[in-house]
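In the text below, chain A, chain B and the rest are named by the order of the sequence lines, each starting its count at 1. What you see is a predicted model; the values in this text were computed from it and never measured. Computed over heavy atoms, backbone and side chain alike; hydrogens, waters and symmetry mates excluded.
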Protein chains: 4
Amino acid sequence: MEKINLMNDYNTTAHPRVLDAIGDAAGKRFAGYGADEETAIAAETVRRLAGRADADVHFLSGGTQTNLTSIGAFLRPHEAVVSPASSHIYVHETGAIEAAGHKIVNFPAKNGKADADSVRAVVESHTDEHMVKPKLLFVSQATELGTFYTRAEMAALREVCDAYGLYLYVDGARLANALAAGACDLGLETLAGFADAFYIGGTKNGLLFGEALVIANPLLGADFRYNMKMRGGLLAKGFLLGIQFRALLEDGLYLELAARANKMAALLTEGLLAAGVPLLTDTCTNQVFALARPDELSRLEERVLFERWGPCEGERAPVRFVTSWQSSADEIGRVLDCFRL
Amino acid sequence: MEKINLMNDYNTTAHPRVLDAIGDAAGKRFAGYGADEETAIAAETVRRLAGRADADVHFLSGGTQTNLTSIGAFLRPHEAVVSPASSHIYVHETGAIEAAGHKIVNFPAKNGKADADSVRAVVESHTDEHMVKPKLLFVSQATELGTFYTRAEMAALREVCDAYGLYLYVDGARLANALAAGACDLGLETLAGFADAFYIGGTKNGLLFGEALVIANPLLGADFRYNMKMRGGLLAKGFLLGIQFRALLEDGLYLELAARANKMAALLTEGLLAAGVPLLTDTCTNQVFALARPDELSRLEERVLFERWGPCEGERAPVRFVTSWQSSADEIGRVLDCFRL
Amino acid sequence: MEKINLMNDYNTTAHPRVLDAIGDAAGKRFAGYGADEETAIAAETVRRLAGRADADVHFLSGGTQTNLTSIGAFLRPHEAVVSPASSHIYVHETGAIEAAGHKIVNFPAKNGKADADSVRAVVESHTDEHMVKPKLLFVSQATELGTFYTRAEMAALREVCDAYGLYLYVDGARLANALAAGACDLGLETLAGFADAFYIGGTKNGLLFGEALVIANPLLGADFRYNMKMRGGLLAKGFLLGIQFRALLEDGLYLELAARANKMAALLTEGLLAAGVPLLTDTCTNQVFALARPDELSRLEERVLFERWGPCEGERAPVRFVTSWQSSADEIGRVLDCFRL
Amino acid sequence: MEKINLMNDYNTTAHPRVLDAIGDAAGKRFAGYGADEETAIAAETVRRLAGRADADVHFLSGGTQTNLTSIGAFLRPHEAVVSPASSHIYVHETGAIEAAGHKIVNFPAKNGKADADSVRAVVESHTDEHMVKPKLLFVSQATELGTFYTRAEMAALREVCDAYGLYLYVDGARLANALAAGACDLGLETLAGFADAFYIGGTKNGLLFGEALVIANPLLGADFRYNMKMRGGLLAKGFLLGIQFRALLEDGLYLELAARANKMAALLTEGLLAAGVPLLTDTCTNQVFALARPDELSRLEERVLFERWGPCEGERAPVRFVTSWQSSADEIGRVLDCFRL
């Protein structure tokens, strides 16, 4: 029997409506490199949803590519990124930002979330030209630990960024999961008002691939396509990104898929709590982090694909489950069975 | 009436068999980042076709990405690329190689082709540590001007590379078009024996996107996936590359599509020559470069999508036509009509 | 009255014997870029003192330049440095290593010193190609906090480096101060046996400027001069470095100057301890870190140039004093007076 | 008998007045990293001489370091340098600019000099985001071939730069030699009015080392010291640069030394022309390029240190002679003897 796949949210091709949209384009001719009609429409849709008629919108193939291209384009050589120690760019992008020349100054962050005090402390500890100049705050919404920023929390980050002249950049690989989280009061338009730049992730939410970058700060948008090409991120058949995002965004499919993934995660969370399994963080998106006993772990390893999340704490092993729009209540039930004798 | 599109060979989605292969995968679960079965099979197919059971094979999304990731991984900081002045990396990749830190030492090249004497002269003019150290010869097969290297020509390049300790890297964005050219005696296995690394382009030959990089020199393959991730080129749903390349390569579809494109270009070439239109280069692949008179140009601009190729020579304008597997004899005929009163 | 300068150990020109050596060279002609006789002799002296007849020796103008040139030359793009969080490259070189493309993975370090367990933990937490590959351990001897590694401690670092395939790089900006510290049993030859590369600092020990880099690992030395030139560190009048280092090293002047600086620091340490002033670290080199009460601080600010070392701890302010070969017992006495009513 | 050294203009320590100034500073204490009084005075002198009270002035140790730090700080990642193919950064700085991430777009240049038409043609050939964006014109005054720009020529370059939004950067490694050339009507103040940034070379004109960078465009100066530190060019004992430049500039010593070097070159030029020796370029600064017959070459090789300048033209070998303030008429006479039987 095939294992249940909660390893990640990018283990299938794409949602049928996305595949259909690509299928419908067969035989049609498109301009190259994103200069096509589909991409223009998708960009317009993004602008409309974000409530930013003036924003620059670009489509890229993946998150690391989007992060390194953006940050590389936005910063001068001596300027640095500030981010939680748990951030994807600090840990899991193989030094992509540093390879583009920029230090990431990290700080420990509870539940994967930056807070204004930590940012302030980091920036104030940088006193002169013998140290890098902090210039961009990087946060993820939802975070790498499945948590999210509320409207008030993001406003506080915006405030500290304003106080110190930092750009606020939001990695939205799982933005839809935050938007679809009932408890999250930070909507897309509000986010677009706070962030200098952010992206709406598609790869982890039903597309074959694709992230929609929104550059809300007009000072940062100049010549961005040069940087996309220079970093290898200007897809020849850019229209594929336009077609996919149009399908994902036009009828709210992106929120629907994220809500479905979140719901499955909520089911899992409830079951785990009911079974008395300790959780690492209190999440409302599509990632669940639990501490499994040895017997639970061995059952999980037999029946489920998931990720070990660091070294054991006592006898319990931290594990990560990621749900997606394709996860089912039945699957969640079978995962929970691993935790019940 | 829609214009005939000879602008490039990446203006449609993908060949039906490729789309079908993706469609067939719906609902299936795959390991991430190219660690899946489909990718393993596609890589094995590449190794078999190249006759290099030991080669490292990686799949990337585009040509610029493949070039910058490879060259960035292969060279030490002070080492430089040597390439014809017409090469894609020198002109049309927005300084991607330089952004990765490496100078490209260029030399003028007839018909877009490197020759051993030019390479030798370039390398010998680099005499000490005040100059970069030439370390990698970059050539394209087919070239950016639609020409190709014969077996003897590539052997001569290999020889000069051996003499000076250069790696030989072959950009194969249109490799299939060279392989399918009747006049070209340089087969895939032979090429794989000459080159330290090369790639088989898929984006311009029927895929949604994708290039298959072959690292034939075992000294160059170490830790390549780190470099893919670091440069933003490790696709989360890497299995999409495996699925597509499997469909393209397993039954020789890649040669079939290239042959079809070449045939349309040949038809165009013949027609142009018959009409007395001067050609810029003598090509047998899928690019045709012609010099159009003003009246021809204005008819072309009405009916055809194509690219202007630099400033006018006298009253004639250089133009580029690119055929693809979707070009038809009828379309070619209508293009030729623009050249006949 | 001029303030006593304990701000740093690079606030005067150079030792008279160094200046005399430069003066003696007036009118003489030298080959450029370090290809001269004086440089050859100085390099030979370094090799002799290090007991490494085969080592590559290069002279550079400053510490940051030496670090970025070396590490940039030694590492492949995805490889990372591991270092204590207090290391100079992590904090005080304005992201020079990251600007050369490499992440520095830091760990907290007691007294500024790396220990094998921390290094092991850092390396083992890097599990795959989604993270950088730790490849070089950076430590300073003496450390940025004035402490030093014993022979046994450095041997343990060598061992963990061997276990994980790391290079061991030692920043020796104040190496002479460690060598001259009575309590330090790690001699130059032993160090040269442990380290893959290290440098003997001159700027902070009596020279106008200059650091002598020793590349002990023959695999790392290839083409190093290319990297020096590329990074802007190949001095046109390289002979100035040769002349200075010859003067500094030939008669043991470097140890003599360091011993003098250390002795003044010891005098200061003794006085502070006698006065009941808490010290931040237990140092035997030429840096002393103390916690000053507000009244002491205000007297210090009147009479002494020194550095504030981070935020207050309670009411006490951390301060750093750096002695040099030009510090006098009288000066130390006057500094101590600031701590006595 | 020692050979006459016309190899370069950096083969002796420094002019006595410069050495004396350093000697006079013995025992004095200075602030680090160029924050001292001497440096402030030297910078003020530079501003006065340049007639730019508002300019940012920084002192660096060498030309390559100055070029890579400046250009790296001024340009965004996708922006490129435009320069003559003979420029120092294109040929003889080991790819330092490319290592900082920027392509140099070169064009052939007669006598080493850029002209507005070539610049215009280069910029206009860069049409979209698939190519780098030309943003900085790099020229040298005097040029690498000993020629210089007149006021009108530099004004024309300024004009083309304005037309296309390029910065104008002038490498002044041998600026004094141009300023001191009788035929050169482009004074320092005028140059400072044309250039966005330039430097006054000291290393090749009597200093131990040092270049004075003038950033005339206020948009380019921000955070420059961060970039100096990051690139390894912020000298700990920066006061050495201040002391030296003060000595060089305050009483016009820099022009006096350059005039002396130029005069010796003029003597050599006259003698060569009188002897019927063909010259490569018509220079009025301190470099002379001649074509030597085999017998002349062999006499030169016995008695003179000079540089071979590329491959033979027919039977004649191109050679370069560089005079300095220490060259004597007697030495020039003995060089000329090599050309007379």
With chain D, which of C:Glu93, C:Lys3, C:Lys204 has the greatest number of heavy-atom pairs at distances under 4.5 Å?
->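 Sorted descending by pairs with chain D, the first entry is C:Glu93.
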Any side-chain heavy atom of C:Asp9 sitting closer than 4.5 Å to one from C:Thr323?
-> no
So what's closer than 4.5 Å to chain C heavy atoms on D:Glu2: side chain, backbone, both or neither?
->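 Side chain only.
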Is chain C contacted by the side chain of D:His15, its backbone, both, or neither, given a heavy-atom distance below 4.5 Å?
-> neither
Would you please name every residue forming a side-chain contact (heavy atoms from CB on, under 4.5 Å) with D:Gln287, sequence neighbours left out?
->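 With sequence neighbours excluded, D:Gln287 shows a side-chain contact (heavy atoms from CB on, under 4.5 Å) to D:Arg174, D:Phe289, D:Arg320, D:Val322, given in chain and number order.
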Looking only at heavy atoms, which of residues 56-66 of chain C get nearer than 4.5 Å to chain D?
-> C:Ser61, C:Thr64, C:Gln65
Where does the angle between the aromatic ring planes of D:Phe138 and D:Tyr169 fall among parallel (under 30°), tilted (30 to 60°) and perpendicular (over 60°)?
->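 Parallel: the ring planes of D:Phe138 and D:Tyr169 meet at under 30°.
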Counting only pairs under 3.5 Å, give me each side-chain donor-acceptor contact of residues 20-32 of chain D, with atom names and distances, residues two or more places apart or in other chains.
| residue | atom | partner | partner atom | Å |
| --- | --- | --- | --- | --- |
| D:Arg29 | NH1 | C:Asn11 | OD1 | 2.9 |
| D:Arg29 | NH2 | C:Gln326 | O | 3.4 |

Heavy-atom pair of closest approach, residues D:Gly206 and D:Trp325 | CA-NE1, 3.5 Å
Expected output: side-chain D:Asp36 to main-chain D:Thr39 donor-acceptor under 3.5 Å |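 Side chain of D:Asp36 to backbone of D:Thr39, a donor-acceptor pair under 3.5 Å: yes, one is there.
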Under 3.5 Å, sequence neighbours excluded: what are the donor-acceptor pairs made by side chains of residues 236-248 of chain C?
| residue | atom | partner | partner atom | Å |
| --- | --- | --- | --- | --- |
| C:Lys237 | NZ | D:Thr12 | O | 3.0 |
| C:Lys237 | NZ | D:Thr13 | O | 2.7 |
| C:Lys237 | NZ | D:Thr203 | O | 3.4 |
| C:Lys237 | NZ | D:Leu207 | O | 2.5 |
| C:Gln244 | OE1 | C:Leu208 | N | 2.8 |
| C:Gln244 | NE2 | C:Phe209 | O | 3.3 |
| C:Gln244 | NE2 | C:Leu240 | O | 3.2 |
| C:Arg246 | NE | C:Glu250 | OE2 | 3.1 |
| C:Arg246 | NH1 | C:Glu38 | OE1 | 3.3 |
| C:Arg246 | NH1 | C:Glu38 | OE2 | 3.0 |

